[in-house]
Amino acid sequence: MTQQELKTAIQKHYSYIFEESLIDEIATVAVTKNFNEGDILIEIGNTIFKMPLLLEGVIKILREAPDEGELLLYFLEKGDTCAMTMACCMGKTKSEIRAVAETDGTVLMLPVEKMEEWLGKYKSWRSFVFDSYTNRMKEMLNAIDTLAFMNMNERLIKHLNEKAKVNHTHIMQITHQEIADELNTSRVVISRLLKVLEDEGKIKLNRNIIELL
DNA sequence: ACATTAAGTGATT
DNA sequence: AATCACTTAATGT
């Protein structure tokens, strides 16, 4: 990608947030990185040296228990960044979460020194970082509410809807086991709940496929 | 045709 | 809602 193309790509998602001069700076220091569905982008315990800005695609953020249990916290979409990463970069701590690519996509990697420098230099950058924290906090509360107040059937329906939304399709290629992992339950439970939803006419099931109606 | 993987089911806790 | 212990169905080689 040429620098001009890079700049255009950044403008596509960030021109309403960042001033021109900041976009220029980003374009000069950013390294683009493509990823494929299923790629593990950040593993728990990793130390992060670059801050990512999502240009295309969807990334899911998961919390993992010591005994191999997983739980999906939220999705990141284009224009988002990972608050956890920002905290890691600046605080020099290790990642508490795992980031896995939900779809193919592209991220920009920014050097930590720059993101600190821009905090003092650009108002738009400060608001962006601040807003990102606020949004992630909201998503986190949402995840807690879901976990605390909803039963598995409701959680499943919510999860399917969110998945359809971020993937921009109502026909999803996924196994019951994968859903079970993301909701930290067992496959049998998911299979049974899905079966009921199908009988109710809310979804259509095929091997590896779930269609929302 | 056979092996592998995904999904369905009854019984039990 | 989880687990066990299967069975059945779909798919790959």
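Just so we're on the same page: letters track the sequence lines, and every chain starts at 1.
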In a table with atom names and distances, give each donor-acceptor pair under 3.5 Å that connects a side chain of residues 45-56 of chain A to protein atoms at least two apart or in another chain.
residue : atom : partner : partner atom : Å
A:Asn46 : OD1  : A:Glu43 : N            : 2.9
A:Glu56 : OE2  : A:Lys12 : NZ           : 3.3
A:Glu56 : OE2  : A:His13 : NE2          : 3.2

Worksheet item: Does OH in A:Tyr133 sit with more than 12 non-hydrogen atoms of other residues, nucleotides or ligands closer than 6.0 Å?
Response: yes

Worksheet entry | By side chain to side chain contact (heavy atoms under 4.5 Å, CB included) - contacts of A:Tyr122 (at least two apart) | A:Glu19, A:Ser21, A:Leu22, A:Glu25, A:Trp118, A:Ser124, A:Trp125

Worksheet entry | A:Lys165/A:Glu162 under salt bridge (Lys or Arg N to Asp or Glu O under 4.0 Å): CA gap, chis, key distance, verdict | CA-CA 5 Å; A:Lys165 188 177 158 226; A:Glu162 280 176 5; over 6 Å; no

Fill in: For A:Lys114, all residues meeting salt bridge (Lys or Arg N to Asp or Glu O under 4.0 Å), sequence neighbours excluded
A:Glu117

Worksheet item: Looking at A:Gly57 and A:Thr103, what are the two nearest heavy atoms and their distance?
Response: CA-OG1, 3.3 Å

Worksheet entry | Contact summary for A:Leu76 and A:Thr81, nearest pair of heavy atoms | CD2-O, 3.8 Å

Worksheet item: Hey, are the side chains of A:Asp80 and A:Arg136 touching, using non-hydrogen atoms and a 4.5 Å cut-off?
Response: yes

Scan nucleotides 3-10 of chain C against the protein and return all N/O pairs shorter than 3.5 Å with their distances rounded to 0.1 Å.
residue : atom : partner  : partner atom : Å
C:dT3   : O4   : A:Arg192 : NH1          : 3.3
C:dA10  : N3   : A:Arg207 : NH2          : 3.2

Practice prompt. Shoot me the first and last contacting nucleotide of DNA chain B against chain A, ordered 5' to 3', at under 4.0 angstrom to non-hydrogen atoms.
Written response: B:dT5 to B:dA11

Fill in: N/O donor-acceptor pair under 3.5 Å between A:Arg187 side chain and A:Ile179 backbone
no

Practice prompt. Test A:Thr146 against every option in A:Lys158, A:His159, A:Glu154, A:Arg155 by the side chain to side chain donor-acceptor pair (under 3.5 Å) rule and name the one that passes.
Written response: A:Lys158

Item to complete: Please work out which residues in residues 142-153 of chain A have a non-hydrogen atom less than 4.0 Å from an atom of DNA chain B and list them by number.
Response: none

